[in-house]
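Single-structure report; data block below.
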Amino acid sequence: MGQPSGMQVRPAKVAAAIFAGASMLAVFFGLPSAARYARADDPAVSAKNSYEGDAGQAATGRGLFNQYCAHCHGPNAVSPDPPRDLRRLKRSYGENMANVFHFTVTHGRPDKGMPNWTGRLDDETLWTIFAFLQTVQAEP
Amino acid sequence: MSRLSGMLAGSLLALSALPLGAAAESGKSWTIYGGDTANTRFSALTQINRGNVSKLRVAWVAQLGSLEAQESTPLVVDDTLFVTTSAGPRYVYALNAKDGTPKWKYAPEIPGDVQQTTCCGLDNRGVAYAGGKLFLGRLDAHLVALDASTGKELWKTQVVDYHEGAAITSPPILVKNLVITGYAGGEYGVRGAITAYDQDTGKQVWRTHTVPAAGEPAAETWKNDSWKFGGGAAWLVGSYDPQLNLVYYGASNPSPWGASVRGPDTSDYGKFTNLYTASTLALDADTGKIVWHYQTTPYDTWDYDGVNELVLADLDINGQKTPVGLKADRNGFFYVLNRQTGALISAQPFVMVNWAKEIDLKTGRPVEVPERRPRLDVWAKDICPNLFGGKNWEPMAYNPQTGLVYIPTFNLCMDLVGRKEERKKGAFYLAEEFDLDKPGPGGFMSEMVAWDPISQKRVWGSKEELPFMGGALTTGGGLVFHGNIQGWFKALDAKTGEELWKFNAGSGISQGAITYELDGKQYVAVVSGRLKTPPSFLGHTGERIFASSPEGGALFVFELPD
């Protein structure tokens with residue numbers, strides 16, 4: 001339809017892009033939520049989470065959580081509202097919990113009330129908060 | 001005869017002479033949020049009274065089609081009842097006030113992303129009525145006018161860009177040809193304003209910012225350029241005195257909660273009071289000019305806000321009939337002000353207060369307890385009341401026959417600390433860390449307090465286990481009606497507080513009830529639908545609240561058996 005041939009997108013390239021960067025595609029193409037998150041074994045994401053199991057970081061993260069997150073997600077992550085109860089992250093997302101966390105915080109869910117925190121909280125802060133959230137997960 | 005003195009005399013004649021937007025003609029309807037422009041939530045109706053209220057039963061129920069946080073005060077005009085729902089509102093309904101038969105519904109398109117710029121639940125507190133039109137504010141910070149007979153939208157005006165963190169949750173107040181509204185946003189660093197529009201066209205007539213810009217009077221009360229995101233949001237309802245032609249609005253907490261960017265971060269704050277936040281403002285209704293202000297919490301850092309409604313009454317003060325404004329402030333003190341001049345007459349704590357010793361009657365300022373002022377990275381512990389306040393938006397009621405004010409109170413305390421934080425447009429901007437889940441002493445977290453505003457003393461109290469009890473309605477039948485977060489709707493004896501009747505509506509009740517008479521029969525109406533977001537601030541107490549009743553959305557209307 002008059003489009004230069006060089007601009008055509010081949011199906012194979014689309015498939016490759018999905019595997020390479022699901023989160024980017026989710027933003028542009030509005031994929032269903034199950035496909036919205038980066039893969040759990042994405043080294044670019046996992047590598048940044050250097051605070052796992054670090055009790056000192058978890059304590060700092062608790063304070064940051066209570067400053068930035070508690071007004072919606074409850075003090076110390078004690079929330080009575082299941083969709084906002086972050087103690088259920090592991091139950092809901094299992095191994096993918098870290099990526100769901102990171103993607104949601106850096107993209108937001110505006111229709112659910114969750115802002116995009118990009119530019120406000122850097123990755124170090126996010127993973128510090130995450131280190132705290134790991135300490136309060138409900139049993140599966 | 002002034003309407004206020006008329007009320008004191010118990011005369012219905014005076015009520016019929018009220019100007020536009022004021023109390024219902026003959027007192028049988030309920031045509032304005034607060035029952036009258038004085039926000040008394042008093043009805044002179046007596047058919048339902050202390051002797052027969054135990055027989056009260058459901059006449060009809062309307063499902064609202066929306067869950068979460070029903071905070072609407074219905075209006076009754078002639079034989080039509082108007083009620084809004086939560087979520088934007090999702091709907092405005094016009095119903096036959098006798099049996100609930102629907103007449104029309106208005107379903108506006110509200111953008112889904114208003115959720116992130118609405119701090120405290122997707123609520124709407126109702127509409128305002130005048131001259132065949134309804135007026136309402138929405139969570140996308142638009143003000144609209146509807147044809148009251150069809151629900152058709154007549155005009156729509158953007159009051160402020162909601163992406164800044166603003167929302168409109170309360171009905172406007174109508175004065176002469178004007179529709180006057182504020183907006184919420186004190187948790188997002190918006191700069192508050194009160195704006196008047198022409199009722200016929202929606203065109204702006206005046207706008208008064210609640211926080212001065214650089215170079216304007218009172219700008220010196222702000223450190224550097226902190227006024228720019230200074231809060232002072234007028235998110236609740238106004239009152240109006242037609243004789244003085246004054247509109248009264250509360251302005252909210254300053255932004256952010258953490259005070260270090262707004263002043264010296266100490267109880268010795270000097271000139272840095274951050275006007276006109278945490279204040280009551282009296283505005284000339286025609287021009288919007290601030291005639292007087294009274295700041296209840298200078299240099300607020302507790303989110304004590306200042307927005308609570310001013311209830312107008314004429315009281316006998318030292319043998320002299322005095323036009324007063326009554327305010328049960330979030331900060332825990334009950335203020336009696338001369339509403340003509342703004343002069344303080346008296347102020348006493350109506351709940352447990354430990355952040356200030358007293359209000360200095362000469363300066364009008366609280367005498368702070370310095371260790372209970374949180375500072376940057378310095379915790380203040382066990383501050384009472386907590387930031388929901390001694391009283392929040394849930395309305396109080398004033399009964400001129402008992403002379404008492406019925407105040408739905410909180411009994412909660414908190415820990416707070418200031419933190420450094422950058423503002424990002426549309427995101428929460430608090431600069432504080434907090435722990436609010438600290439019940440006050442005594443084994444209760446809410447209490448309906450009957451308060452004598454002249455002696456400034458409590459007369460009786462009716463305790464509730466959980467916080468967020470509902471607002472009050474009081475009647476000539478010697479009754480006080482209120483709900484609670486578990487969903488019970490109760491009638492108390494206005495003189496003693498004795499519980500005379502209760503009904504389980506199945507989901508929490510926050511807003512005050514209304515009453516009206518149609519074809520010789522008195523009805524009482526209240527919306528049910530438990531709050532969701534504010535209890536979530538509370539952690540374990542929030543879990544108890546969620547367990548106590550599910551979300552809901554229904555209007556219950558009660559009557560006596562024939």
Side-chain angles (χ1 to χ4, degrees), chain A residues 27 30 33 36 57-89 91 103-126 128-129 132-133 135-138, chain B residues 68 110-122 163 165 187-188 256-258 303 377 379 387 414-438 530-548 551:
Chain A
V27 173
S33 60
R36 283 177 55 169
Q57 282 301 319
T60 307
R62 178 188 294 268
L64 290 166
F65 180 92
N66 284 339
Q67 178 180 351
Y68 289 106
C69 317
H71 41 80
C72 290
H73 295 288
N76 302 315
V78 177
S79 169
D81 188 23
R84 291 182 172 182
D85 184 353
L86 301 181
R87 295 170 299 180
R88 297 170 184 238
L89 279 178
R91 272 196 203 168
F103 183 88
T104 305
V105 177
T106 54
H107 292 75
R109 285 183 178 172
D111 286 2
K112 305 277 185 194
M114 176 72 180
N116 178 346
W117 292 85
T118 306
R120 181 100 182 278
L121 302 180
D122 60 20
D123 263 14
E124 190 182 332
T125 306
L126 295 192
T128 304
I129 290 171
F132 158 66
L133 287 175
T135 67
V136 295
Q137 291 306 301
Chain B
E68 186 191 332
I110 308 274
D113 65 352
V114 297
Q115 281 220 24
Q116 63 175 344
T117 45
T118 305
C119 77
C120 307
L122 300 177
H163 296 95
E187 277 60 57
Y188 298 85
W257 294 354
D303 186 26
D377 298 326
W379 281 94
L387 58 78
M414 65 177 169
D415 299 343
L416 284 180
V417 64
R419 298 293 191 206
K420 277 219 161 73
E421 198 167 310
E422 296 296 317
R423 178 177 186 262
K424 187 187 174 192
K425 176 178 160 176
F428 255 53
Y429 178 47
L430 304 182
E432 261 180 13
E433 192 185 324
F434 51 86
D435 181 356
L436 309 182
D437 197 6
K438 297 201 142 190
R530 197 205 68 223
L531 302 181
K532 189 170 93 167
T533 304
S536 298
F537 283 57
L538 286 176
H540 293 295
T541 299
E543 290 181 317
R544 286 176 62 194
I545 289 171
F546 273 53
S548 76
E551 291 172 66

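Within every chain, numbering begins at 1; the chains are lettered A, B, ... in the order of the sequence lines, protein sequences first and strands thereafter. When reading the values below, keep in mind they use all heavy atoms of this one structure, side chains included, and skip hydrogens, waters and symmetry mates.
Contacts between B:Leu436 and chain A at a heavy-atom distance below 4.5 Å are absent for every atom of the residue. With a 4.5 angstrom heavy-atom cutoff, A:Tyr68 touches chain B only via side-chain atoms. Residue B:Lys532 touches chain A through its side chain alone, counting heavy-atom pairs closer than 4.5 Å.
Between the side chain of B:Arg419 and the main chain of A:Gln67, no donor-acceptor pair closer than 3.5 Å is present. With B:Gln116 contributing its side chain and A:Pro110 its backbone, the two residues share no donor-acceptor pair below 3.5 Å.
Between A:Asp81 and B:Phe546, the closest side-chain pair of non-hydrogen atoms falls below 4.5 Å.
Distance check: A:Leu121 CG to B:Glu421 CD gives 8.0 Å after rounding to the nearest 0.5 Å. For the atom pair CG (A:Asn116) and CG (B:Asp113), the distance works out to 12.0 Å, reported to the nearest 0.5 Å. The distance from atom CG of A:Asn76 to atom CG of B:Asp437, rounded to the nearest 0.5 Å, is 9.5 Å. For the atom pair NE2 of B:His540 and OG of A:Ser79, the computed distance is 11.5 Å after rounding to the nearest 0.5 Å. Atoms CZ and NZ, on A:Arg120 and B:Lys425 in that order, are 14.5 Å from each other to the nearest 0.5 Å.
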Checking A:Val78 against B:Glu543 for the side chain to side chain contact (heavy atoms under 4.5 Å, CB included) test, could you report, in this order, the C-alpha distance in whole Å, the side-chain angles of both residues, the deciding distance, and whether it holds? CA-CA 8 Å; A:Val78 177; B:Glu543 290 181 317; 3.7 Å; yes
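Between chain A and the options B:Gly542, B:Pro535, B:Ala431, B:Pro534, the largest number of non-hydrogen pairs under 4.5 Å is found for B:Gly542. Between chain B and the options A:Pro75, A:Gly119, A:Gly74, heavy-atom pairs under 4.5 Å are most frequent for A:Pro75.
Listed here is the closest heavy atom pair of A:Asp111 and B:Gln115: O-NE2, 3.3 Å. The two residues A:Arg84 and B:Thr533 come nearest to each other via the heavy atoms NH1-OG1, 4.2 Å. The two residues A:Cys72 and B:Ser536 make their nearest non-hydrogen contact at O-CB, 4.4 Å.
Between A:His71 and B:Phe428, the ring-plane angle classifies as parallel under the 30° and 60° cut-offs.
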